[in-house]
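Comments concern the structure below.
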Amino acid sequence: MENEHAGSRRNHWTFLTNHARVLIAIARDPGIRLRDLAAICDLTERTVQTIVTDLEADGYLTRTRDGRRNRYAIAPGARFRHPAEAGREIAGLLAYLAGPLSAPTAPPGQDRAAGGA
């Protein structure tokens, strides 16, 4: 019986960490609310808030205010943390799981074509 209990516990592991799930969800929708991230990732809002803070502190994303909401941008060139994947950019994994990352947009009031043809 002890082996059955240990076996059932082992069936609950997943390939992606909560940090990866949150980052993928942000890559899919950079304007997503923490409440919606929590629901998508099956986490508490507090846990998601901590994860977003971790990702921001370690340079994986930036957060800017857009009215009453936050808008997130994935850092270009961000690399995996684990030594086994060191040197590889996370963009490939995010593109595979979330679709191509959109280019950062110019802040409001700045026109990229200003002064151009």
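Note that this is a predicted model, so its numbers are computed, not measured.
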Rounded distance [0.5 Å steps], CD in E45 versus CG in D36: 8.5 Å
Just do the side chain to side chain contact (heavy atoms under 4.5 Å, CB included) check on L43 and I51 with the steps written out, would you? CA-CA 10 Å; L43 300 168; I51 290 170; 4.0 Å; yes
Which heavy atom in A98 sits nearest to a heavy atom in I24, and how many Å separate them? CB-O, 3.8 Å
On a heavy-atom basis, which atom in V48 and which in A38 lie closest, and how many Å separate them? CG2-CA, 3.6 Å
Tell me whether R65 contacts the main-chain N or O of R68 through its side chain, where contact means a donor paired with an acceptor under 3.5 Å. yes
R46, CZ: over 12 other non-hydrogen atoms inside 6.0 angstrom: no
Before you tell me yes or no, could you show the steps for D42 and R21 under salt bridge (Lys or Arg N to Asp or Glu O under 4.0 Å), namely the whole-Å CA-CA distance, both residues' side-chain angles and the distance that decides it to 0.1 Å? CA-CA 10 Å; D42 195 27; R21 282 189 193 89; over 6 Å; no
Testing the basics here: between V22 and L37, what is the closest heavy-atom pair and its distance to 0.1 Å? O-CD2, 3.9 Å
Which distance, rounded to the nearest 0.5 Å, do you find between the CG of L94 and the CD of E89? 10.5 Å
Hey, is the main chain of L97 close enough, under 3.5 Å, to the side chain of R28 for a donor-acceptor pair? yes
Quick one: does any side-chain atom of R63 pair with a main-chain N or O of Y72 as donor and acceptor, under 3.5 Å? no
Please indicate whether R88 has more than 12 foreign heavy atoms, meaning atoms of other residues, nucleotides or ligands, lying under 6.0 Å from its CZ. no
Working to the nearest 0.5 Å, report the span between OG1 of T50 and NE2 of H19. 8.5 Å
Is it true that D66 and R69 have a side-chain N and a carboxylate O under 4.0 angstrom from each other? no
Value for SG (C41) from CD1 (I32), rounded to nearest 0.5 Å, stands at 7.5 Å
Is the closest side-chain heavy-atom distance between I26 and V52 below 4.5 Å? yes
Nearest 0.5 angstrom please: L55 CG to L61 CG, how far? 5.0 Å
Under 3.5 Å, side chain of Y60 to main-chain N/O of I90, donor-acceptor pair present? no
To the closest 0.5 Å, what do you measure between CG (D58) and CZ (R81)? 4.5 Å
